[in-house]
Every structure is written in structure tokens, then in C-alpha cells.
There are 2 protein chains.
Amino acid sequence: MTEAPALDRGARSRDAILDTAGDLMSRHGYAATSISMISSACGLPVSSIYWHFRSKDGIYVAVLERARTALLAALPPGEVPGADVAQRLDAFLAQVEDAFRRHPHGVKLLLGLGMVQQDASAAAVAEVRHYRDALVVWARDAVSSVFALRDRPEVADELARFTLRMASGTAVARWFEPDTVLETGPLRVALLALAAHHGIPLRGVPGEDAPSRGVTSRE
Amino acid sequence: MTEAPALDRGARSRDAILDTAGDLMSRHGYAATSISMISSACGLPVSSIYWHFRSKDGIYVAVLERARTALLAALPPGEVPGADVAQRLDAFLAQVEDAFRRHPHGVKLLLGLGMVQQDASAAAVAEVRHYRDALVVWARDAVSSVFALRDRPEVADELARFTLRMASGTAVARWFEPDTVLETGPLRVALLALAAHHGIPLRGVPGEDAPSRGVTSRE
DNA sequence: GTCTATAAACCGATAGAC
DNA sequence: GTCTATCGGTTTATAGAC
């Protein structure tokens with residue numbers, strides 16, 4: 001415990017730098033985060049940072065890549081479990097909300113750094129798009145599974161876009177009121193209505209196959 | 001025309017600086033936009049910029065204030081005209097989409113600069129919140145008028161938040177795919193479903209007072 | 001109000017001892 | 001791999017002539 005293997009020293013430092021850089025960049029944005037800020041915040045000298053990552057841009061790419069793999073690991077499915085639409089939808093919304101709550105950095109990194117696309121390097125732009133595309137694919141697969149949309153890809157696309165934009169908008173609202181959470185209740189109502197609007201059968205969803213006066217039974 | 005009154009020279013320069021600064025800051029973000037960039041882009045020397053606005057922060061505050069008044073001037077109502085919910089909703093969505101399309105700067109300024117809240121001055125933070133609050137108040141008044149929610153303020157609040165978050169999320173999507181537009185179709189379906197979910201009467205909306213099989217008649 | 005010139009601090013990045 | 005020291009460039013901001 002006191003005699004940590006020397007081989008791990010570098011990896012641990014690397015992680016510490018990434019932790020600090022990710023935190024600072026998600027709070028201040030890429031441009032406003034300087035190497036010296038990262039250095040003094042994590043304790044390691046400037047040149048160590050440049051040894052691990054070749055440039056400031058390299059730090060950004062590594063931070064984003066790490067955030068992406070962490071987020072995707074926290075979004076296990078693709079196939080959402082559940083017997084009917086209502087169960088799968090609830091499971092899906094719970095997953096989205098949980099990932100959103102436990103990984104606040106990821107989205108803010110995408111936002112604060114994705115903005116800089118114009119100035120950023122090719123590698124950085126590629127990593128930003130990679131991150132974003134992974135989210136889009138995941139969301140499309142998940143809603144496709146929830147609403148059984150294998151033969152209606154354009155509907156799956158619309159529902160996925162809708163969900164992701166609501167999540168992004170909530171992330172924006174979050175830095176005005178930090179305790180803002182993703183409101184899954186209204187989102188649930190909206191997704192059900194959109195699916196119904198496109199003629200998707202909603203077996204097992206209360207208030208949809210039983211024409212009970214237009215109220216969907218929540219709250 | 002050639003003999004412009006000397007008194008206006010300063011004001012015209014001031015506007016030119018604000019135009020350039022707003023454009024650059026909305027594209028690169030506050031931190032990544034330097035005074036010398038603004039100077040060389042608008043032709044006026046650095047010291048003129050500092051004469052008009054006392055600091056870089058002062059430029060930011062002035063840019064935001066101008067964007068706010070311009071946006072609010074382009075959002076005329078408060079009271080949305082229309083005989084029934086459907087007409088008023090369409091008018092409201094048209095207004096939102098139009099403002100969103102014609103004032104892309106405003107939102108991006110809020111996003112790119114609102115992020116920097118932690119480092120920014122008190123005046124800057126105040127102006128960001130002022131801008132954001134004005135949008136919230138407008139949206140709440142508008143949806144309240146659309147759905148006749150004078151005695152259901154909590155519902156008006158939810159619908160306004162929902163709309164603004166969708167608009168923010170679309171603004172985010174926009175800098176990944178610049179030709180992204182606000183999808184008012186799905187938003188319309190979602191808002192109607194949310195209103196119905198809260199028991200708001202929707203006189204005159206096709207597919208809601210006539211139980212016609214759950215499809216809302218669009219597309 | 002506009003210009004040139006410059007101060008003082010900070011930036012990203014590197015050299016080289018250990 | 002980590003450290004000190006530093007280079008060259010850019011930043012915000014100011015001084016002072018016009």
C-alpha cells in the first residue's frame with residue numbers, strides 16, 4: 001500500500017491530470033482553462049502535463065474520450081427490458097435521468113467545448129462528433145426498442161432527437177439553476193403523444209388504448 | 001450623407017464594435033475572443049474599444065444587453081392572438097420559430113457566455129440572468145395566453161420551461177449541424193399532450209375533443 | 001474620439017538537470 | 001516521470017499625441 005508499484009505512478013498522475021482538467025474545463029470552458037490552472041489545481045508541474053499529453057488540445061481530446069467511454073458504460077442497454085411500452089418507457093427514462101444526474105460533466109464538456117469547434121484541431125472536432133454520435137445512436141436504439149420501431153426508423157429518429165434536445169436544454173438550464181433535474185414526467189407524456197401521433201400502437205399504456213378522456217393517469 | 005454629423009461618429013463606432021464583438025463572441029465564446037481580434041475585425045484600434053467600453057467585461061455586458069433588447073423587441077406579444085387554442089398555439093410556435101431563426105446570436109451568446117458565470121463579473125452575471133429571466137417571463141405569459149392558464153400558473157410554468165428547454169436543446173444541436181431548425185411540429189404535439197394531461201380544456205383542437213383514434217391530424 | 005506605442009502579466013510550449 | 005527555468009508570443013489595459 002505504501003510501496004505502490006512504480007509503473008502505476010505515471011498512470012495515476014495521468015488520471016489525476018484528467019480529473020482536474022475535466023472538472024475545470026467543464027466549469028470554465030476550454031479556452032478559459034489554462035495549463036497553469038490545471039497544474040496548480042492538481043499539484044503536478046506544467047511539464048509533466050505536457051509529457052503525458054502533447055498539447056492543450058491533447059488534454060481536451062483525452063478528457064472527452066474518457067468522458068465518452070464513462071458515459072457509454074453507464075448507459076448499458078440498447079435493448080430496453082420490459083414487457084410492454086409503458087414498462088420499457090419508464091426503464092428508458094430512468095436510465096436517461098440516472099446518466100444525466102451522475103455524469104453532469106459529459107454534457108457540459110460537449111457544450112462548452114463543442115462551441116469551440118471553429119478553432120479546435122481536427123482531432124478535437126473528431127472526438128466531439130464521436131461523442132455526440134455515440135449518444136445519438138444510443139438514443140435511437142433505445143427508443144426503437146421501447147416503442148418497437150424496427151420498421152419505422154424515421155419515427156425512432158424523431159423521438160431520439162426530441163429526447164436528446166430536451167436533455168441538452170435541461171443541461172443548459174442547469175447552469176442557471178444548478179439544482180435543475182431532467183423532468184421525466186413531461187418528457188414521458190410528450191414521447192407517448194408523439195408515438196401516438198405517428199400511429200405507433202401503444203399496448204399496455206393507460207389512457208391510450210382505453211379512450212378514457214385524454215388524461216394519461218400521471219400525477 | 002458624406003457630411004455625417006460629428007456627434008454620430010462615436011455612436012456609429014460603438015455600434016460597429018458591438019456588431020463585431022457579438023458576432024465573434026457568439027462564434028468563439030467569450031474567453032476565446034480577444035480585444036485584438038475585435039479590433040482587427042472592425043477596423044478600429046484597441047484603445048477606441050477601451051474608450052467606449054471600459055473593459056472586455058464591459059463589451060460583453062453591452063453585447064448581451066443589446067441582444068436582449070433586440071430579441072424582446074422581436075417577440076411582440078405577451079397576449080397571443082387567436083380565436084381558439086389551435087390558432088393561438090400555431091401563432092405562438094410561429095413566433096418562437098421566427099425569433100429563433102432570425103436571432104441565432106442571442107441564444108448562443110447566452111450559452112457561450114453564460115457558461116463563464118463563475119469567472120465573470122457581477123455586472124455580467126446580472127445581465128445574463130436579466131436576459132434569461134426576460135425569456136422565461138415572455139414564454140410563461142405566451143403559453144398562459146395560448147392555453148388560457150390564468151388560474152393554473154404551475155401548468156403555464158411547466159409548458160414554458162418545456163418550450164424553452166426544447167429551444168435551448170435545438171440551439172445546441174445547431175452547432176453540430178448548422179442547418180438545424182426548431183421542429184415546431186413535434187413541439188406542438190407535445191404541448192397539446194401536456195396541456196391535456198393537466199386537464200386543460202382544448203376547445204377547437206382537432207383530435208382532442210373528437211376522440212378520433214389518437215392521431216392528431218398532422219402530416 | 002481616434003490613433004501609436006507600450007507596460008505588465010499571462011499564455012502555450014520547451015530545454016535540460018535529476 | 002518529475003522538476004526548475006525560461007523562451008517567444010499574446011493578452012488586457014493604459015499613456016499620451018493628435
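Computed from a predicted model, the values in this text were never measured in an experiment.
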*For F92(A), enumerate each residue passing the ring-ring contact (aromatic ring centres under 6.0 Å, His included) test, keeping only those at least two apart in sequence or located in another chain.*
W138(A)
*In whole angstrom, give the distance that lies between atom NE2 of H52(B) and atom C1' of dC3(C).*
12 Å
*asked:* Could you tell me how far apart W51(A) (CH2) and dA13(C) (C1') are, to the nearest whole angstrom?
replied: 17 Å
*Taking all heavy atoms of V80(B) and all of A142(B), pick out the closest pair and write down the distance.*
CG2-O, 3.9 Å
Compile the donor-acceptor pairs under 3.5 Å between side chains in residues 47-55 of chain B and protein atoms, sequence neighbours left out, one pair per line.
from, atom 1, to, atom 2, distance (Å)
S55(B), OG, D57(B), N, 3.4
S55(B), OG, G58(B), N, 3.1

*For K56(A) and dT14(C), what is the distance between atoms NZ and P respectively, to the nearest whole Å?*
15 Å
*For Y131(A), all residues meeting ring-ring contact (aromatic ring centres under 6.0 Å, His included), sequence neighbours excluded*: none
*DNA chain D-proximal residues of residues 35-44 of chain B, any heavy atom under 4.0 Å*: I35(B), S36(B)
*With R88(B) via salt bridge (charged side-chain N to carboxylate O under 4.0 Å, His left out) - residues at least two apart*: none
Would you give me the side-chain donor-acceptor pairs under 3.5 Å for residues 37-45 of chain A, sequence neighbours excluded?
from, atom 1, to, atom 2, distance (Å)
S39(A), OG, L44(A), O, 2.7
S40(A), OG, S36(A), O, 3.0
S40(A), OG, M37(A), O, 3.3

*Atom-to-atom span, CZ of F53(A) to P of dG12(C) - whole angstrom*: 15 Å
*Which residue pairs pass the salt bridge (charged side-chain N to carboxylate O under 4.0 Å, His left out) test when at least one of the two sits in residues 164-180 of chain B, sequence neighbours left out?*
R132(A)-E177(B), E183(A)-R165(B)
*asked:* What is the distance, to the nearest angstrom, from the CZ atom on R54(A) to the P atom on dA13(C)?
replied: 11 Å
For nucleotides 4-9 of chain D, list the nitrogen or oxygen atoms of the protein found under 3.5 Å from its nitrogen or oxygen atoms, one pair per line.
from, atom 1, to, atom 2, distance (Å)
dT4(D), O4, S47(A), OG, 3.0

*asked:* Expressed as a whole number of angstroms, how long is the span from Y60(A):OH to dG12(C):P?
replied: 16 Å
_Once salt bridge (charged side-chain N to carboxylate O under 4.0 Å, His left out) is applied, what residue pairs with a partner in residues 15-24 of chain A remain, sequence neighbours excluded?_
D19(A)-R66(A), D23(A)-R27(A)
*Return no unless some side-chain N or O of Y50(B) is found under 4.0 Å from OP1 or OP2 of dT14(D).*
no
*Does S13(B) put a side-chain nitrogen or oxygen below 4.0 Å from OP1 or OP2 of dG1(C)?*
no
